[in-house]
Amino acid sequence: MRIAEIYLDNLAHNIAQIKQNLRPGVKICAAVKADAYGHGAVRCAKKAVECGVEFLSVATVGEGIKLRKAGISRPILVLSLCDKSEMRSLVKYNLTPLVGDAEYIDLIEAAAKKFFKSQKNSAKKTNEKFAVHLAVDTGMGRIGCLPHEAKDLAKKIALSQILSLGGICTHFASADETSKKYRDYAQSQYEKFSLAINSIRTEKIDAGIVHCSSSAALLDRPEWQFDMVRPGIILYGYCAGKITQKYLSQKGIRFEPKPVMALVTSVSAIRHFAKGESVSYGCTWTSERETKIAVLPIGYADGLLRRASPGLEVAINGKKYPVRGRICMDQCMAEIGMKSDAKRFDRVVIFGPKESGALCTAQDLSDAQGTISYEILTSVSKRVKRIFI
(Lines give C-alpha, C1' and ligand atoms only; values in the text may rest on other atoms or scores of the structure.)
Protein backbone atom coordinates (compact mmCIF):
# COMPACT_ATOMS: atom_id res chain seq x y z
CA MET A 1 0.00 0.00 0.00
CA ARG A 2 1.30 3.41 -0.99
CA ILE A 3 -1.08 6.29 -0.25
CA ALA A 4 -0.84 10.06 0.08
CA GLU A 5 -3.78 11.21 2.16
CA ILE A 6 -4.69 14.81 1.31
CA TYR A 7 -6.54 16.65 4.08
CA LEU A 8 -8.48 19.30 2.16
CA ASP A 9 -9.89 20.83 5.33
CA ASN A 10 -6.31 21.60 6.35
CA LEU A 11 -5.78 23.34 3.02
CA ALA A 12 -8.87 25.45 3.72
CA HIS A 13 -7.52 26.19 7.21
CA ASN A 14 -4.20 27.36 5.75
CA ILE A 15 -5.94 29.65 3.27
CA ALA A 16 -7.91 31.15 6.15
CA GLN A 17 -4.66 31.66 8.06
CA ILE A 18 -3.20 33.49 5.05
CA LYS A 19 -6.27 35.69 4.68
CA GLN A 20 -6.07 36.86 8.27
CA ASN A 21 -2.57 38.16 7.50
CA LEU A 22 -3.54 40.10 4.38
CA ARG A 23 -4.31 43.76 4.09
CA PRO A 24 -7.87 44.62 2.93
CA GLY A 25 -8.50 43.98 -0.75
CA VAL A 26 -5.35 41.94 -1.40
CA LYS A 27 -5.98 38.98 -3.72
CA ILE A 28 -4.50 35.49 -3.45
CA CYS A 29 -2.82 33.65 -6.29
CA ALA A 30 -2.48 30.06 -5.07
CA ALA A 31 0.52 28.15 -6.40
CA VAL A 32 -0.67 24.76 -7.66
CA LYS A 33 2.36 24.06 -9.84
CA ALA A 34 4.13 20.69 -9.66
CA ASP A 35 0.74 19.02 -9.11
CA ALA A 36 0.10 21.35 -6.17
CA TYR A 37 3.47 20.48 -4.64
CA GLY A 38 2.55 16.82 -4.98
CA HIS A 39 -0.89 17.15 -3.40
CA GLY A 40 -3.03 16.91 -6.54
CA ALA A 41 -3.48 20.10 -8.55
CA VAL A 42 -7.10 19.74 -9.67
CA ARG A 43 -8.59 18.92 -6.29
CA CYS A 44 -6.44 21.45 -4.45
CA ALA A 45 -7.21 24.16 -7.03
CA LYS A 46 -10.93 23.51 -6.73
CA LYS A 47 -10.72 23.69 -2.94
CA ALA A 48 -8.74 26.92 -3.15
CA VAL A 49 -11.35 28.45 -5.48
CA GLU A 50 -14.08 27.29 -3.10
CA CYS A 51 -12.21 29.18 -0.36
CA GLY A 52 -12.25 32.38 -2.39
CA VAL A 53 -8.83 32.35 -4.03
CA GLU A 54 -8.93 34.68 -7.05
CA PHE A 55 -5.93 33.44 -9.10
CA LEU A 56 -3.99 30.22 -9.55
CA SER A 57 -0.42 29.74 -10.75
CA VAL A 58 1.31 26.88 -12.54
CA ALA A 59 4.75 26.32 -14.01
CA THR A 60 3.83 24.97 -17.44
CA VAL A 61 1.21 25.29 -20.13
CA GLY A 62 0.34 21.61 -19.66
CA GLU A 63 -0.39 22.16 -15.99
CA GLY A 64 -2.69 25.04 -16.88
CA ILE A 65 -4.53 23.03 -19.53
CA LYS A 66 -5.18 20.27 -17.01
CA LEU A 67 -6.94 22.77 -14.74
CA ARG A 68 -8.97 24.22 -17.59
CA LYS A 69 -10.11 20.76 -18.69
CA ALA A 70 -11.21 20.13 -15.12
CA GLY A 71 -13.59 23.09 -15.41
CA ILE A 72 -11.56 25.68 -13.51
CA SER A 73 -12.20 29.17 -14.90
CA ARG A 74 -10.14 31.35 -12.55
CA PRO A 75 -7.23 33.27 -14.09
CA ILE A 76 -4.13 31.05 -14.26
CA LEU A 77 -0.62 32.49 -14.34
CA VAL A 78 2.09 30.47 -16.11
CA LEU A 79 5.25 31.27 -14.15
CA SER A 80 7.82 29.75 -16.51
CA LEU A 81 8.47 30.72 -20.11
CA CYS A 82 6.86 28.43 -22.65
CA ASP A 83 8.12 27.06 -25.95
CA LYS A 84 6.95 28.59 -29.22
CA SER A 85 5.05 25.37 -29.98
CA GLU A 86 2.97 25.86 -26.82
CA MET A 87 1.88 29.44 -27.47
CA ARG A 88 -1.28 28.61 -29.38
CA SER A 89 -2.46 26.43 -26.48
CA LEU A 90 -1.52 29.21 -24.07
CA VAL A 91 -3.97 31.50 -25.87
CA LYS A 92 -6.59 28.84 -26.59
CA TYR A 93 -6.93 27.94 -22.91
CA ASN A 94 -6.69 31.56 -21.76
CA LEU A 95 -3.60 31.07 -19.63
CA THR A 96 -1.77 34.21 -18.55
CA PRO A 97 1.95 34.24 -19.35
CA LEU A 98 4.75 36.21 -17.78
CA VAL A 99 6.67 38.23 -20.37
CA GLY A 100 9.97 40.02 -19.98
CA ASP A 101 11.50 40.91 -23.34
CA ALA A 102 10.39 42.37 -26.65
CA GLU A 103 10.97 39.23 -28.72
CA TYR A 104 8.89 37.07 -26.39
CA ILE A 105 6.11 39.66 -26.34
CA ASP A 106 6.09 39.65 -30.14
CA LEU A 107 5.83 35.86 -30.22
CA ILE A 108 2.92 35.85 -27.78
CA GLU A 109 1.20 38.64 -29.71
CA ALA A 110 1.59 36.77 -33.00
CA ALA A 111 0.20 33.56 -31.50
CA ALA A 112 -2.78 35.42 -30.02
CA LYS A 113 -3.47 37.25 -33.27
CA LYS A 114 -3.36 34.03 -35.27
CA PHE A 115 -5.61 32.22 -32.82
CA PHE A 116 -8.20 35.01 -32.61
CA LYS A 117 -8.25 35.25 -36.41
CA SER A 118 -9.03 31.56 -36.64
CA GLN A 119 -12.08 31.88 -34.38
CA LYS A 120 -15.53 32.40 -35.78
CA ASN A 121 -16.53 34.62 -32.87
CA SER A 122 -16.03 38.10 -34.31
CA ALA A 123 -16.37 39.72 -30.88
CA LYS A 124 -13.29 37.83 -29.75
CA LYS A 125 -11.41 38.97 -32.83
CA THR A 126 -12.17 42.67 -32.48
CA ASN A 127 -12.89 43.47 -28.83
CA GLU A 128 -11.08 41.06 -26.53
CA LYS A 129 -7.40 41.22 -25.71
CA PHE A 130 -5.04 38.61 -24.34
CA ALA A 131 -3.67 39.50 -20.91
CA VAL A 132 -0.01 39.16 -20.02
CA HIS A 133 1.90 40.03 -16.85
CA LEU A 134 5.22 41.84 -17.15
CA ALA A 135 7.94 40.15 -15.09
CA VAL A 136 10.71 42.36 -13.71
CA ASP A 137 14.03 40.81 -12.75
CA THR A 138 15.10 42.66 -9.61
CA GLY A 139 17.74 40.16 -8.55
CA MET A 140 16.49 36.60 -8.94
CA GLY A 141 18.25 36.32 -12.29
CA ARG A 142 15.86 33.92 -14.00
CA ILE A 143 13.30 35.69 -16.17
CA GLY A 144 12.04 39.20 -16.65
CA CYS A 145 13.20 42.58 -17.86
CA LEU A 146 15.55 44.80 -15.91
CA PRO A 147 13.80 47.53 -13.91
CA HIS A 148 14.85 50.32 -16.28
CA GLU A 149 13.37 48.38 -19.21
CA ALA A 150 9.92 47.96 -17.65
CA LYS A 151 8.51 51.29 -18.84
CA ASP A 152 9.21 50.68 -22.53
CA LEU A 153 7.94 47.10 -22.46
CA ALA A 154 4.79 48.16 -20.62
CA LYS A 155 4.25 50.81 -23.29
CA LYS A 156 4.75 48.21 -26.02
CA ILE A 157 2.08 46.00 -24.46
CA ALA A 158 -0.29 48.90 -23.86
CA LEU A 159 -0.07 49.96 -27.51
CA SER A 160 -0.79 46.45 -28.78
CA GLN A 161 -4.09 45.76 -30.51
CA ILE A 162 -3.97 42.18 -29.27
CA LEU A 163 -2.35 42.20 -25.82
CA SER A 164 -3.23 43.89 -22.55
CA LEU A 165 -1.10 44.50 -19.48
CA GLY A 166 -2.84 42.43 -16.84
CA GLY A 167 -0.19 42.92 -14.19
CA ILE A 168 3.44 43.38 -13.20
CA CYS A 169 5.44 41.16 -10.89
CA THR A 170 8.81 40.17 -9.53
CA HIS A 171 10.16 37.32 -7.39
CA PHE A 172 12.38 37.54 -4.32
CA ALA A 173 15.57 35.54 -4.03
CA SER A 174 16.08 35.78 -0.26
CA ALA A 175 12.79 36.73 1.39
CA ASP A 176 12.85 33.46 3.35
CA GLU A 177 16.10 34.38 5.13
CA THR A 178 16.44 36.38 8.35
CA SER A 179 20.04 37.62 8.43
CA LYS A 180 20.70 41.29 7.70
CA LYS A 181 22.60 40.48 4.50
CA TYR A 182 19.67 38.66 2.95
CA ARG A 183 17.02 41.00 4.31
CA ASP A 184 18.91 43.91 2.78
CA TYR A 185 19.03 42.09 -0.55
CA ALA A 186 15.26 41.49 -0.47
CA GLN A 187 14.76 45.15 0.45
CA SER A 188 16.84 46.24 -2.55
CA GLN A 189 14.69 44.01 -4.80
CA TYR A 190 11.53 45.60 -3.43
CA GLU A 191 12.91 49.09 -4.05
CA LYS A 192 13.90 48.24 -7.63
CA PHE A 193 10.44 46.80 -8.24
CA SER A 194 8.81 49.92 -6.81
CA LEU A 195 10.87 52.09 -9.17
CA ALA A 196 9.77 49.96 -12.13
CA ILE A 197 6.11 50.30 -11.13
CA ASN A 198 6.43 54.05 -10.72
CA SER A 199 8.14 54.42 -14.09
CA ILE A 200 5.16 52.70 -15.74
CA ARG A 201 2.59 54.76 -13.89
CA THR A 202 4.46 57.96 -14.74
CA GLU A 203 3.68 57.15 -18.37
CA LYS A 204 -0.03 56.99 -17.45
CA ILE A 205 -0.06 53.24 -18.15
CA ASP A 206 -2.24 51.02 -15.99
CA ALA A 207 0.14 48.45 -14.49
CA GLY A 208 -2.72 46.07 -13.71
CA ILE A 209 -2.40 43.73 -10.75
CA VAL A 210 0.90 44.32 -8.94
CA HIS A 211 2.34 41.31 -7.11
CA CYS A 212 5.65 40.15 -5.69
CA SER A 213 5.13 38.37 -2.36
CA SER A 214 5.36 34.59 -2.10
CA SER A 215 4.99 32.62 1.14
CA ALA A 216 7.77 34.22 3.18
CA ALA A 217 7.34 37.83 2.14
CA LEU A 218 3.57 38.02 2.51
CA LEU A 219 3.90 37.11 6.17
CA ASP A 220 7.19 38.77 7.10
CA ARG A 221 6.84 41.93 5.00
CA PRO A 222 3.10 42.74 4.85
CA GLU A 223 3.88 46.19 3.45
CA TRP A 224 5.02 44.46 0.24
CA GLN A 225 1.67 42.78 -0.46
CA PHE A 226 0.57 45.27 -3.17
CA ASP A 227 -2.57 44.01 -5.01
CA MET A 228 -1.96 40.26 -4.81
CA VAL A 229 0.23 37.67 -3.06
CA ARG A 230 1.44 34.30 -4.36
CA PRO A 231 1.54 31.77 -1.49
CA GLY A 232 3.05 28.37 -2.21
CA ILE A 233 4.45 26.14 0.54
CA ILE A 234 2.34 27.74 3.29
CA LEU A 235 -0.80 26.56 1.50
CA TYR A 236 0.31 23.01 2.16
CA GLY A 237 1.14 23.47 5.82
CA TYR A 238 4.80 24.47 6.02
CA CYS A 239 6.68 27.69 6.60
CA ALA A 240 9.18 29.02 4.09
CA GLY A 241 12.86 28.79 5.01
CA LYS A 242 13.74 30.64 8.17
CA ILE A 243 10.41 32.46 8.34
CA THR A 244 9.23 29.86 10.85
CA GLN A 245 6.26 29.90 13.20
CA LYS A 246 8.60 30.74 16.06
CA TYR A 247 10.12 33.64 14.15
CA LEU A 248 6.69 34.97 13.17
CA SER A 249 5.36 34.57 16.70
CA GLN A 250 8.27 36.62 18.06
CA LYS A 251 7.23 39.38 15.66
CA GLY A 252 3.63 39.16 16.86
CA ILE A 253 2.41 37.52 13.66
CA ARG A 254 -0.04 34.67 14.14
CA PHE A 255 0.29 31.90 11.60
CA GLU A 256 -0.55 28.31 12.48
CA PRO A 257 -0.52 26.11 9.36
CA LYS A 258 -1.53 22.47 9.25
CA PRO A 259 0.20 19.89 7.01
CA VAL A 260 -2.08 18.80 4.18
CA MET A 261 -0.40 15.54 3.13
CA ALA A 262 0.20 12.31 5.01
CA LEU A 263 2.41 9.67 3.38
CA VAL A 264 1.08 6.27 4.39
CA THR A 265 1.96 2.64 3.79
CA SER A 266 1.46 -0.67 5.64
CA VAL A 267 3.46 -3.55 7.04
CA SER A 268 3.78 -6.19 4.31
CA ALA A 269 5.81 -8.70 6.34
CA ILE A 270 7.57 -9.15 9.66
CA ARG A 271 10.96 -10.89 9.66
CA HIS A 272 12.88 -12.41 12.58
CA PHE A 273 16.57 -11.48 12.80
CA ALA A 274 19.25 -13.10 14.93
CA LYS A 275 22.14 -11.09 16.29
CA GLY A 276 24.68 -10.31 13.58
CA GLU A 277 22.32 -10.47 10.57
CA SER A 278 22.17 -7.67 8.00
CA VAL A 279 19.39 -6.11 5.99
CA SER A 280 19.21 -4.38 2.58
CA TYR A 281 21.79 -3.44 -0.04
CA GLY A 282 25.37 -3.03 1.04
CA CYS A 283 24.76 -4.63 4.44
CA THR A 284 25.06 -1.18 6.01
CA TRP A 285 23.14 -2.23 9.13
CA THR A 286 23.68 -5.33 11.23
CA SER A 287 21.52 -6.33 14.18
CA GLU A 288 23.21 -6.00 17.55
CA ARG A 289 20.68 -8.30 19.19
CA GLU A 290 17.80 -10.60 18.38
CA THR A 291 15.08 -8.44 16.85
CA LYS A 292 12.24 -8.17 14.34
CA ILE A 293 12.11 -6.19 11.13
CA ALA A 294 8.91 -4.89 9.50
CA VAL A 295 9.07 -4.77 5.71
CA LEU A 296 7.31 -1.72 4.27
CA PRO A 297 6.28 -1.59 0.58
CA ILE A 298 7.51 1.95 -0.08
CA GLY A 299 10.83 3.22 -1.35
CA TYR A 300 12.66 5.90 -3.26
CA ALA A 301 10.59 5.37 -6.40
CA ASP A 302 7.65 6.51 -4.27
CA GLY A 303 9.48 9.56 -2.98
CA LEU A 304 11.01 8.16 0.19
CA LEU A 305 14.46 9.47 -0.57
CA ARG A 306 17.34 6.99 -0.24
CA ARG A 307 19.38 9.43 1.83
CA ALA A 308 16.66 9.47 4.52
CA SER A 309 18.21 6.38 6.12
CA PRO A 310 19.86 6.17 8.56
CA GLY A 311 17.80 8.56 10.65
CA LEU A 312 14.28 8.05 9.33
CA GLU A 313 11.67 6.88 11.83
CA VAL A 314 8.12 5.80 10.96
CA ALA A 315 4.97 5.57 13.07
CA ILE A 316 3.21 2.24 13.63
CA ASN A 317 0.38 2.14 16.17
CA GLY A 318 1.49 5.44 17.65
CA LYS A 319 5.10 4.38 18.20
CA LYS A 320 8.28 5.41 16.39
CA TYR A 321 10.44 2.78 14.77
CA PRO A 322 13.76 3.39 13.00
CA VAL A 323 14.28 2.45 9.36
CA ARG A 324 17.27 0.12 9.07
CA GLY A 325 19.61 -0.33 6.15
CA ARG A 326 19.36 1.38 2.80
CA ILE A 327 15.98 2.40 1.44
CA CYS A 328 15.31 0.40 -1.73
CA MET A 329 13.45 1.45 -4.85
CA ASP A 330 10.18 -0.16 -3.76
CA GLN A 331 10.67 -1.17 -0.12
CA CYS A 332 12.30 -0.25 3.14
CA MET A 333 12.67 -1.97 6.50
CA ALA A 334 11.97 -0.76 10.03
CA GLU A 335 13.20 -2.37 13.24
CA ILE A 336 10.29 -3.02 15.59
CA GLY A 337 12.07 -5.15 18.22
CA MET A 338 10.84 -8.28 19.97
CA LYS A 339 8.09 -6.70 22.08
CA SER A 340 6.25 -4.60 19.49
CA ASP A 341 2.54 -5.17 18.87
CA ALA A 342 3.00 -4.33 15.17
CA LYS A 343 1.63 -6.91 12.79
CA ARG A 344 1.19 -7.51 9.07
CA PHE A 345 -1.05 -4.94 7.30
CA ASP A 346 -0.84 -2.42 10.15
CA ARG A 347 -0.95 1.21 9.02
CA VAL A 348 2.43 2.95 8.80
CA VAL A 349 2.69 6.75 8.59
CA ILE A 350 5.88 8.29 7.28
CA PHE A 351 4.92 11.95 7.82
CA GLY A 352 1.81 14.09 7.99
CA PRO A 353 -0.55 16.03 10.24
CA LYS A 354 -1.27 14.76 13.74
CA GLU A 355 -4.73 13.52 12.80
CA SER A 356 -3.13 11.05 10.39
CA GLY A 357 -1.28 9.30 13.19
CA ALA A 358 2.04 10.77 12.10
CA LEU A 359 4.70 11.48 14.67
CA CYS A 360 6.69 13.76 12.37
CA THR A 361 6.11 16.20 9.52
CA ALA A 362 7.74 16.75 6.16
CA GLN A 363 9.62 19.60 7.84
CA ASP A 364 11.09 17.18 10.38
CA LEU A 365 12.25 14.93 7.56
CA SER A 366 13.71 17.79 5.57
CA ASP A 367 15.59 19.14 8.59
CA ALA A 368 17.11 15.71 9.20
CA GLN A 369 18.12 15.36 5.54
CA GLY A 370 19.50 18.85 5.04
CA THR A 371 16.88 19.83 2.48
CA ILE A 372 13.52 21.66 2.42
CA SER A 373 9.93 20.53 2.88
CA TYR A 374 9.21 21.41 -0.78
CA GLU A 375 11.52 18.60 -1.95
CA ILE A 376 10.01 16.04 0.41
CA LEU A 377 6.46 16.81 -0.78
CA THR A 378 7.14 17.07 -4.51
CA SER A 379 9.18 13.87 -4.47
CA VAL A 380 6.10 11.77 -3.67
CA SER A 381 5.65 10.05 -7.01
CA LYS A 382 2.63 9.45 -9.22
CA ARG A 383 2.38 5.79 -8.32
CA VAL A 384 1.46 6.80 -4.79
CA LYS A 385 -2.33 7.01 -4.85
CA ARG A 386 -3.82 10.32 -3.68
CA ILE A 387 -6.86 9.98 -1.44
CA PHE A 388 -8.70 13.21 -0.65
CA ILE A 389 -10.14 13.49 2.82
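FYI, the numbering just counts along the sequence from 1. This is a predicted model, so every value here is computed, not measured.
For R307 and E375, the salt-bridge test passes: some basic side-chain N is under 4.0 Å from an acidic carboxylate O.
Shown here are the side-chain hydrogen bond (donor to acceptor under 3.5 Å, both in side chains) partners of Y238, two or more places apart in sequence or in another chain: there are none. In terms of the salt bridge (charged side-chain N to carboxylate O under 4.0 Å, His left out) criterion, K339 has no residue partners (sequence neighbours excluded). Taking the side chain to side chain contact (heavy atoms under 4.5 Å, CB included) definition, one finds that P75 meets it with F55, sequence neighbours left out. For K156, the side-chain hydrogen bond (donor to acceptor under 3.5 Å, both in side chains) test picks out D106, with sequence neighbours left out. In this structure, the side-chain hydrogen bond (donor to acceptor under 3.5 Å, both in side chains) partners of S366, at least two apart in sequence or on a different chain, are Q363.
Residue pairs that meet the ring-ring contact (aromatic ring centres under 6.0 Å, His included) test with at least one member in residues 307-366, sequence neighbours left out, do not exist here. Residue pairs satisfying the salt bridge (charged side-chain N to carboxylate O under 4.0 Å, His left out) criterion with at least one member in residues 323-335, sequence neighbours excluded, are listed as follows: R324-E335, D330-R383. Residue pairs meeting the salt bridge (charged side-chain N to carboxylate O under 4.0 Å, His left out) criterion with at least one member in residues 193-214, sequence neighbours excluded: K155-E203. Residue pairs satisfying the side-chain hydrogen bond (donor to acceptor under 3.5 Å, both in side chains) criterion with at least one member in residues 25-52, sequence neighbours excluded, are listed as follows: D35-K382, K47-E50. Screening residues 228-244 for salt bridge (charged side-chain N to carboxylate O under 4.0 Å, His left out), with sequence neighbours left out, gives E177-K242. Among residues at least two apart or in separate chains, there is no salt bridge (charged side-chain N to carboxylate O under 4.0 Å, His left out) pair with a member in residues 258-285.
In this structure, CG in D364 is found 10.5 Å from CD in E313, a value given to the nearest 0.5 Å. L263 contributes atom CG, which lies 6.5 Å from atom CG of L304 (distance to the nearest 0.5 angstrom). Atom CD1 of I157 and atom CD1 of I108 lie 10.5 Å apart (nearest 0.5 Å). One finds the CG atom of D220 at 12.5 Å from the CZ atom of F255 (value rounded to the nearest 0.5 Å). Taken from CD in E63 to OG in S80, the straight-line distance is 8.0 Å, to the nearest 0.5 Å.
In this structure, the side chains of I6 and I387 stay at 4.5 Å or more apart for every pair of heavy atoms. Using a 4.5 Å heavy-atom threshold, the side chains of L77 and C29 count as touching. The side-chain heavy atoms of I205 and L165, taken from C-beta on, include a pair separated by under 4.5 Å. When side chains are defined from C-beta on, Q369 counts as touching L305, because their heavy atoms get closer than 4.5 Å. Considering only heavy atoms from C-beta on, L296 stays 4.5 Å or farther from Q331 through its side chain. Side-chain contact between I389 and L8 is absent, with no heavy-atom pair separated by less than 4.5 Å. The shortest distance between side-chain heavy atoms of I336 and I293 does not fall below 4.5 Å.
Side chain of Y104 to main chain of L81: no donor-acceptor pair is present (N/O by atom type, distance under 3.5 Å, no hydrogens or angles). With hydrogens and angles disregarded, a donor-acceptor distance shorter than 3.5 Å links the side chain of S215 to the backbone of G232. Under the 3.5 Å distance criterion, the side-chain polar atoms of D152 are left unmatched by any main-chain donor or acceptor of E149. Between the side chain of T265 and the backbone N or O of M1, at least one donor-acceptor pair lies under 3.5 Å. Under a 3.5 Å cut-off, the side chain of D346 and the backbone N or O of K343 do form a donor-acceptor pair. A donor-acceptor contact shorter than 3.5 Å links the side chain of N10 to the backbone of P259. The backbone N or O of C51 sits less than 3.5 Å from a side-chain atom of K19, completing a donor-acceptor pair. A side-chain donor-acceptor contact under 3.5 Å links S199 to the backbone of A196. The main-chain N or O of G337 is never found under 3.5 Å from a side-chain atom of S340 such that the two would form a donor-acceptor pair. Judged by distance alone, the side chain of S287 and the main-chain N or O of E290 form no donor-acceptor pair under 3.5 Å.
With hydrophobic clusters built from ILVMFWY side chains whose heavy atoms lie under 4.5 angstrom apart, I3 does not share a cluster with V348.
For the residue pair S160 / E109, a side-chain donor-acceptor distance below 3.5 Å is found, with atom types taken as modelled. No donor-acceptor contact under 3.5 angstrom links the side chains of Q225 and H211, judged on distance only. In this structure, a donor-acceptor pair under 3.5 Å is absent between the side chains of Q245 and Y247.
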Legend entry - I168/V136 under side chain to side chain contact (heavy atoms under 4.5 Å, CB included): CA gap, chis, key distance, verdict: CA-CA 7 Å; I168 179 171; V136 182; 3.8 Å; yes
Inset, instruction - Dump the intermediate steps for side chain to side chain contact (heavy atoms under 4.5 Å, CB included) on D137 and T170, then the final yes or no. - result: CA-CA 6 Å; D137 178 15; T170 195; 5.9 Å; no
Legend entry - Full working for side chain to side chain contact (heavy atoms under 4.5 Å, CB included) between L22 and L218: CA-CA 8 Å; L22 296 182; L218 76 88; 4.3 Å; yes
Inset, instruction - Apply side chain to side chain donor-acceptor pair (under 3.5 Å) to the pair E256 and H13, showing each step before the final yes or no. - result: CA-CA 9 Å; E256 299 173 355; H13 166 86; 5.9 Å; no
Inset, instruction - Take L359 and K354 through the side chain to side chain contact (heavy atoms under 4.5 Å, CB included) test and state the conclusion after the steps. - result: CA-CA 7 Å; L359 297 176; K354 289 181 179 179; over 6 Å; no
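Counting all heavy atoms, side chain and backbone alike, A59 lies closest to V78 at O-CG1, 3.8 Å. In terms of heavy-atom proximity, I200 sits nearest to A207 at CG2-CB, 4.3 Å. Closest approach of T291 to W285, counting heavy atoms only: CG2-CH2, 4.2 Å. Scanning all heavy atoms of the two residues, the minimum distance from L56 to A48 falls at CD2-CB, 4.5 Å.
Counting non-hydrogen atoms of other residues, nucleotides and ligands closer than 6.0 Å to CD of E288 gives a total of 12 or fewer. Within 6.0 Å of CD in E103 there are 12 or fewer heavy atoms belonging to other residues, nucleotides or ligands.
Each of R386, K385, R347 was evaluated against E5; a single residue qualifies, R347, per the salt bridge (Lys or Arg N to Asp or Glu O under 4.0 Å) test.
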Considering only distance and modelled atom types, tabulate donor-acceptor pairs under 3.5 Å from the side chains of residues 85-94, sequence neighbours left out.
residue : atom : partner : partner atom : Å
S85     : OG   : D83     : OD2          : 2.6
E86     : OE1  : D83     : N            : 2.8

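If you look at W224 and F193, their ring centroids are not closer than 6.0 Å.
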